[in-house]
Amino acid sequence: MATKDSLSEGPRHVALIMDGNGRWAQARGRPRLFGHHAGAKRVKEIVRACKPLGVKYMTIFAFSTENWKRTQSEVSGLMSLFRQYIRKEARGLKAEGVRVRFIGDRVRLDEKLVKLMNELEEMTAENDVVNLTIAINYGGRDEVARATKRLARDVANGTLSPDDVDEETLPRYLDTHVLPDPDLVIRTSGEARISNFLLWQSAYAEYEFIDTLWPDFTEEEFTRIVGSFGGRKRRFGAVPA
Ligand code: IPE
Ligand code: IPE
Ligand code: MG
């Protein structure tokens, strides 16, 4: 029988796969980018909901390493949306105590966007109310490959011994090295897959797949999901006493 103390506390780190913008727009006879703009507007409300729920870390998937396969107009529309978003929201995020970080490979992103990303990270570096991490040109496999490359360099230059490579060492080379692992991963839009998000980090995350399309996702639904997390029994491979 589940006793109260065998149940988990609220999630400290929630990761969100914000999916369904395109379908949301299509259902309204509008272009996909209209859905992306509507989706971007939802982020603020969800980030604001974190503090009262005790969610200290929130990581959101904005653009995957595979999303370059989309039409050039959708990709450039998204890149321009990211620039607009940072310009528009930077002050508010800073004022609300949100520390923003970005994960993903910046090499393929345009210079202007990278500059805005760096500035926002610096500008909010002293904040500590909520840690918001935005994944842009992020892929879990790409992240592990880039981490391995850096790790191999350290082995080659003698700062790391191959014998010291273990599951504590490798994540120090990941983009997420300063973040705790996600406790809960939520994906909207009815797809039950992780699409290359936080592969290493989500090994023991709880998953919640919901049908709501991202632009329809509300604080109420987020609160309900975070609340229901407390009823889950996380065993991490062990047999509970
Ligand atoms: C998620 O919405 C946002 C990004 C991947 C950038 P989609 O654009 O994937 O929307 P659907 O899945 O096509 O509806
Ligand atoms: C995952 O959604 C990526 C983001 C939400 C940014 P996709 O829509 O790209 O994933 P698939 O193609 O359905 O797996
Ligand atoms: Mg999608």
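Order of appearance sets the numbers: ligands from 1, and atoms from 1 within every ligand. Numbering starts at 1 and runs along the sequence shown.
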- prompt: Of all the non-hydrogen atoms in the protein, which one sits nearest to atom 13 (O) of ligand 1, and at what distance?
  reply: Arg32 NH2, 2.9 Å
query: With atoms numbered from 1 as shown, which atoms in ligand 1 lie under 4.0 angstrom from a non-hydrogen atom of Ala62?
result: 6 (C)
- prompt: So, Asp19 and the Mg ion (ligand 3): N/O/S under 2.8 Å, yes or no?
  reply: yes
task: From the options Arg187, Lys69, Arg193, Met18, select the one whose nearest heavy atom is closest to atom 10 (O) of ligand 2.
output: Arg187
message: Heavy atoms only, cut-off 4.0 Å: how does Glu191 contact ligand 1, side chain, backbone, both, or neither?
response: neither
- prompt: How about Met58 and Asn131: do any of their side-chain heavy atoms sit closer than 4.5 Å?
  reply: no
task: For atom 2 (O) of ligand 2, decide whether some protein heavy-atom distance is shorter than 4.0 Å.
output: yes
- request: Using a 4.5 Å cut-off on heavy atoms from C-beta on, say whether the side chain of Val100 contacts that of Glu121.
  value: no
- request: Examine the proximity of ligand 1 to Arg70 and report which part, side chain or backbone, both or neither, has a heavy atom under 4.0 Å away.
  value: side chain
Contacting atoms of ligand 1, where contact means under 4.0 angstrom from a heavy atom of Arg23: 11 (P), 12 (O), 14 (O)
- request: Heavy-atom distances under 4.0 Å are what count here, so tell me which part of Gln26 touches ligand 1: side chain, backbone, both or neither.
  value: neither
Atom 14 (O) of ligand 2 - nearest protein heavy atom and its distance: Ser195 OG, 2.6 Å
- prompt: Just checking, any donor-acceptor pair under 3.5 angstrom between side chains of Gln201 and Glu143?
  reply: yes
query: Counting each atom of ligand 1 from 1 as listed, which ones have a heavy atom of His36 under 4.0 Å away?
result: 3 (C), 6 (C), 8 (O)
message: Check whether Trp214 forms a cation-pi arrangement with Arg42 (NZ or CZ under 6.0 Å from the six-membered ring centre, at most 45° off the ring normal).
response: no
Within reach of ligand 1, part of Asn67 (heavy-atom separation under 4.0 Å): side chain
- prompt: In the protein, which heavy atom is nearest to atom 7 (P) of ligand 1, and how far is it?
  reply: Asp19 OD1, 3.5 Å
